[in-house]
Structures are given as structure tokens and as C-alpha cells.
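Below is one structure, written out as C-alpha cells; the observations come after it.
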Amino acid sequence: NGNLLIAAEGYSIENQESVYFIETDGSRIVNEFIYNEGGNELDPFSILETEEGNILIGGFIKNRKLVSSSFYNMFSEEQMIYIGEFNKTGNKIWSQAIYLEGYNEGICNKIIKAKNEFILLCHAQKIDGNITPFIIRMDKVGNVKKIVKLSSNTNIVQLSDIHYENNLVKIIG
């Protein structure tokens with residue numbers, strides 16, 4: 001409908017890093033919400049409107065776990081790829097944290113529509129420090145259908161954009 005959709009980092013009432021969504025028609029805010037996934041840091045990097053008028057938000061989530069002993073209390077964090085579908089008033093339809101074995105600091109950089117699925121351009125840091133891009137295919141209810149690693153062992157590869165046309169996925173980077 002020509003409205004602008006914005007997903008940014010915001011803070012919940014509990015002062016936790018959360019998704020802040022705004023839909024504006026250019027002169028006023030039509031919809032907005034702040035969403036926090038169970039007290040875990042949630043940062044958006046991609047947004048897409050679905051055919052049903054909902055929104056997909058992709059980015060990362062940091063899963064926090066309390067580590068304690070008789071001497072200290074602290075949190076450990078594990079960053080994973082995140083994608084979630086919401087209606088525009090903030091009700092979550094589904095969400096998915098995707099952990100890639102042998103990688104950390106996963107992030108979804110872009111989401112595109114392709115036929116009856118979504119394709120995500122993601123990156124994750126290998127335990128040895130190299131950044132690796134991934135293409136993740138998901139169905140419309142959040143189930144991962146396929147994960148494709150797009151790098152070699154000798155080169156660092158970073159991709160910046162993804163398109164779908166003529167039944168082909170085209171990547172740029």
C-alpha cells in the first residue's frame with residue numbers, strides 16, 4: 001500500500017534490547033510495537049512484508065543463560081540467526097532461532113520471497129574467526145527446508161545482496 005516499514009533496535013519496558021517496528025504512511029505512524037523474545041537481545045537487520053500483510057523480521061538473537069557458582073553470577077550469550085513473523089500490531093505468529101553447528105554470531109541480513117517460500121541471506125562466524133555466508137530456505141510457517149554454505153576453506157566470502165528472478169537465486173558480494 002506504499003507505507004514505509006521500519007525495524008530498528010529498541011528497548012522494552014524492562015530496558016532490554018528489542019525489536020522496534022514502525023509502519024508509517026509518510027505523515028503519521030499507522031502501526032508500531034516493541035517486541036522482546038523472552039528477555040533475550042533481539043536485533044533486526046531485515047524486514048519483508050508477506051502476501052498476507054504480516055511482516056517478517058530477520059536479524060539475530062542472543063540467547064542468555066545464567067552461569068553461577070558460589071563466587072559469581074554472570075550470563076553467557078550465544079548469538080543465533082533469527083527470523084520471526086508478526087502481524088503489524090505486534091502479535092508473534094512464529095519465530096525461529098537457527099543455530100549452525102561450528103559457527104557463532106549468526107545473523108540474517110536479508111529476506112526475499114520466492115514462490116511458496118522465503119530465502120534468507122545470512123552470515124555466521126566460524127569458531128576460527130572466518131565469516132561464512134549461508135542461504136537458508138524456509139517454508140511460510142518457519143520450517144527450515146535447506147541450508148547452503150557458500151564459501152571455501154581458503155577464502156573469506158561476504159555477500160551483500162540476494163535476488164530471485166526466473167526461478168534463480170542471484171547473490172552479490
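- The two residues Tyr99 and Glu78 come nearest to each other via the heavy atoms CE1-OE2, 3.1 Å.
- Residues Ile172 and His163 are in side-chain contact: their nearest non-hydrogen atoms beyond the backbone lie under 4.5 Å apart.
- Side chains of Ser18 and Gln16: a donor-acceptor N/O pair is absent below 3.5 angstrom, by distance only.
- Val144 and Ile81 fall within a single hydrophobic cluster, where Ile, Leu, Val, Met, Phe, Trp and Tyr side chains are chained together by heavy-atom contacts under 4.5 Å.
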Can you check side-chain hydrogen bond (donor to acceptor under 3.5 Å, both in side chains) on Asn130 and Thr132, steps first, answer last?
CA-CA 6 Å; Asn130 287 336; Thr132 303; over 6 Å; no
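- The environment of CG in Leu4 is crowded: more than 12 heavy-atom neighbours from other residues, nucleotides or ligands sit within 6.0 Å.
- A donor-acceptor pair is defined here as one N or O able to donate and one able to accept, closer than 3.5 Å; such a pair exists between the side chain of Asn87 and the backbone of Thr89.
- Put simply, NZ on Lys146 and CD1 on Ile135 are 11.5 Å apart, with the number rounded to the nearest 0.5 Å.
- Both Ile171 and Tyr164 are assigned to one and the same hydrophobic cluster, defined by single-linkage of ILVMFWY side chains at heavy-atom distances under 4.5 Å.
- With salt bridges taken as basic N to acidic carboxylate O contacts below 4.0 Å, one links Glu37 and Lys92.
- Counting heavy atoms from C-beta outward, Lys110 and Phe45 have side chains that stay 4.5 Å or more apart.
- Screening Tyr11, Phe21, Phe86 for a ring pair (Phe, Tyr, Trp, His ring centres under 6.0 Å) with Tyr35, the sole residue that qualifies is Phe86.
- No side-chain heavy atom of Phe118 sits under 4.5 Å from any side-chain heavy atom of Ile112.
- From Glu23, atom CD reaches atom CD1 of Ile29 across 10.5 Å, with rounding to the nearest 0.5 Å.
- Checking side-chain atoms of His123 against main-chain N and O of Gly106 turns up no donor-acceptor pair under 3.5 Å.
- With rounding to the nearest 0.5 Å, the separation of CD1 in Ile98 from CD1 in Ile147 is 6.0 Å.
- Rounding to the nearest 0.5 angstrom, the gap separating the OG1 atom in Thr24 from the CG atom in Asn3 is 7.0 Å.
- Hydrophobic cluster membership is shared by Ile93 and Leu48, with clusters built from Ile, Leu, Val, Met, Phe, Trp and Tyr side chains linked at under 4.5 angstrom.
- At distances below 3.5 Å, at least one donor-acceptor pair connects side-chain atoms of Gln96 with backbone N or O atoms of Gly142.
- To the nearest 0.5 angstrom, Ile57 atom CD1 is 9.5 Å from Ser46 atom OG.
- The distance from atom CZ of Phe60 to atom CG of Asn40, rounded to the nearest 0.5 Å, is 11.5 Å.
- Under the 4.5 Å side-chain criterion, counting only non-hydrogen atoms from C-beta, Met138 is not in contact with Asn143.
- Between Phe33 and Tyr20, the ring center distance fails the sub-6.0 Å criterion.
- Contact of the Ile34 side chain with the Asn36 side chain is not registered, since no non-hydrogen atoms from C-beta on lie closer than 4.5 Å.
- Using a 4.0 Å cut-off between charged nitrogen and carboxylate oxygen, Lys140 and Glu85 do not count as a salt-bridge pair.
- With Ile111 as reference, Ile83 is the one residue of Ile136, Leu121, Ile119, Ile83 to meet the side chain to side chain contact (heavy atoms under 4.5 Å, CB included) rule.
- Salt-bridge formation is detected for the pair Glu117/Lys145: a Lys NZ or Arg NE/NH1/NH2 atom is positioned less than 4.0 Å from an Asp or Glu carboxylate oxygen.
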Could you go through Leu42 and Tyr82, starting from their C-alpha distance and side-chain angles, then the distance that decides it, and tell me whether this counts as side chain to side chain contact (heavy atoms under 4.5 Å, CB included)?
CA-CA 8 Å; Leu42 184 55; Tyr82 178 87; 3.4 Å; yes
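- When all heavy atoms are compared, the tightest approach of Thr50 to Leu56 is CG2-CG, 3.9 Å.
- A donor-acceptor pair shorter than 3.5 Å cannot be found between the side chains of Lys126 and Asn104.
- A salt bridge links Glu49 and Lys88; the closest N-O separation between the charged side-chain nitrogens and carboxylate oxygens is under 4.0 Å.
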Step by step, work out the side chain to side chain contact (heavy atoms under 4.5 Å, CB included) result for Ile162 and Lys170.
CA-CA 6 Å; Ile162 184 171; Lys170 298 180 179 183; over 6 Å; no
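- In this structure the side chain of Val148 reaches within 4.5 angstrom of the side chain of Leu150, judged on heavy atoms.
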